[in-house]
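Reviewing the structure listed below.
Throughout, residue positions are numbered sequentially from 1 according to the sequence presented. Quantities reported herein were computed from a predicted structural model and do not represent experimental measurements. Counting starts at 1 for both ligands and their atoms, in listed order.
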Amino acid sequence: MSPVPFQHHHQPQHLKVLLIQKPPSSIPVESHLISKNFHVLKAWESPELLEQILSSHADSIQALICYDDGTNVVDAGFLRQLPALRLVVTITAAVNHIDMAECRQRGIAVANSGMVYSEDVADMAVGLLIDVARNISASDRFVRHGLWKTKGGYPLGFKLGGKRVGIVGLGSIGSEVAKRLEGFGCKISYNSRSQKPSISYPFYSNIKELAAKSDVLIICCELNDQTHHLIDREVLLALGKEGVIINVGRGSIIDEKEMVKCLVNGEIRGAGLDVFENEPDVPKELLELDNVVVSPHKAFSTLESIESLCQLVVANLEAFFSNKPLFTPVIG
Ligand SMILES: O=CC(=O)O
């Protein structure tokens, strides 16, 4: 807990900020807050501790920090225990762990990570694709296991240039992916909630049609009721035997069971996956396939993006409690 005592509601520096989950060890948001003299309340160490914090501070906690850990951690029931809450800050771009309707109804503002991660996520999407195409991880294992000497060369991979890439979700991440892959000579098309008038890439409102017209599908959209299992068996079959899927969005955008079947049966060619339906559990079948590259939900995190994120969290809190607009509002 911060050594600085709570002093005054309207002084941002001494605001009570509740951290409900332990941030991943690579995200030092707590120390950034403490260095700015926020009164940080850490609720994760035990359920009793959360109870204790709520009974002493519920009436004065005005800000909450959270992230998407695969549960609906900021649900309406939890929000109701914090009557003085005015601002929720999530350290993710995603807001699917927050009951947005409840926030709207209560007039609670919500800020997310804005675009601090977009370029890094896009880099990783391209990295995963190159890895799947050219078997970088699999070849690395091949050399480490001494197979170069005994088996000779590694089977051929495929060229990126000229491939048709379908981007699912052309927001800030998807646009960065498109920009990068244009440089590789790929042909870009996209699917999105609606066609973007200023974008000249071909638009497909039907995801199955986009899959049928693509060699590679890259999932860059957010998870919500409309995108849950958007990539189902039919879409995967439309992508076809030569098709590759890359996911840097959320695991549940793909029907993971069906994707595993398609990969095991050779109904699609390969996959590069940073996200899974039940993280940190990864279906074990995937771990046995050399045409699959897996990564532990880290596309967003680089030294630089995490530093920017921590500064952004502080900037949002300071702005909001000085009656200035949020830098990255989801509900302003
Ligand atoms: O996965 C990371 C994010 O949602 O920002």
Side-chain angles (χ1 to χ4, degrees), residues 19-30 32 64-75 87-100 103 110-129 167-177 192-193 218-228 230-231 245-254 256 271-282 293-317 326-331:
L19 250 70
I20 54 173
Q21 301 137 300
K22 185 175 170 51
S25 56
S26 58
I27 307 186
V29 67
E30 180 190 338
H32 271 74
L64 175 72
I65 312 256
C66 61
Y67 66 95
D68 174 18
D69 63 359
T71 64
N72 294 327
V73 58
V74 187
D75 62 9
L87 173 65
V88 175
V89 179
T90 176
I91 60 175
T92 51
V95 294
N96 51 280
H97 51 299
I98 304 169
D99 188 328
M100 299 297 277
C103 289
V110 177
N112 72 348
S113 61
M115 303 195 324
V116 291
Y117 303 133
S118 302
E119 292 176 350
D120 299 281
V121 175
D123 289 350
M124 187 75 177
V126 173
L128 288 168
L129 174 57
I167 296 182
V168 181
L170 201 70
S172 68
I173 296 169
S175 310
E176 291 292 339
V177 170
S192 206
R193 257 174 299 212
I218 305 188
I219 313 304
C220 305
C221 62
E222 67 177 56
L223 173 64
N224 55 38
D225 292 343
Q226 284 73 48
T227 63
H228 182 265
L230 175 69
I231 310 298
I245 191 146
I246 304 294
N247 192 0
V248 290
R250 280 293 180 274
S252 312
I253 297 166
I254 305 180
E256 191 172 79
L273 308 166
D274 185 55
V275 287
F276 302 88
E277 283 214 63
N278 298 302
E279 294 172 11
D281 289 335
V282 175
V293 178
V294 292
S295 145
H297 197 150
K298 68 179 203 44
F300 68 99
S301 52
T302 61
L303 290 167
E304 291 82 357
S305 70
I306 295 302
E307 175 62 27
S308 307
L309 168 80
C310 291
Q311 289 176 11
L312 177 66
V313 168
V314 167
N316 270 321
L317 285 164
L326 289 167
F327 287 91
T328 49
V330 186
I331 302 177

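The nearest protein atom to atom 4 (O) of ligand 1, hydrogens excluded, is given as Arg250 NH2, 2.7 Å; this is a heavy-atom distance. Of all protein heavy atoms, the one lying nearest to atom 3 (C) of ligand 1 is Ala93 N, 3.3 Å.
The CD1 atom of Ile20 sits 8.0 Å away from the NE2 atom of His97 when rounded to the nearest 0.5 Å.
In this structure, the side chain of Tyr67 engages the main chain of Lys22 through a donor-acceptor pair within 3.5 Å. With hydrogens and angles disregarded, a donor-acceptor distance shorter than 3.5 Å links the side chain of Ser301 to the backbone of Lys298. Proximity of a side-chain donor or acceptor of Thr90 to a complementary backbone N or O of Asn112 within less than 3.5 Å is not detected.
The distance criterion of under 3.5 Å between nitrogen or oxygen atoms is met by Ala94 with respect to ligand 1.
The heavy atom nearest to atom 1 (O) of ligand 1, out of those in His297, Lys298, Glu222, His97, is found in His297.
The atoms of ligand 1 that sit less than 4.0 Å from any heavy atom of Tyr117 are 5 (O).
Counting heavy atoms of neighbouring residues, nucleotides and ligands inside a 6.0 Å radius, atom CE of Met100 exceeds 12 of them.
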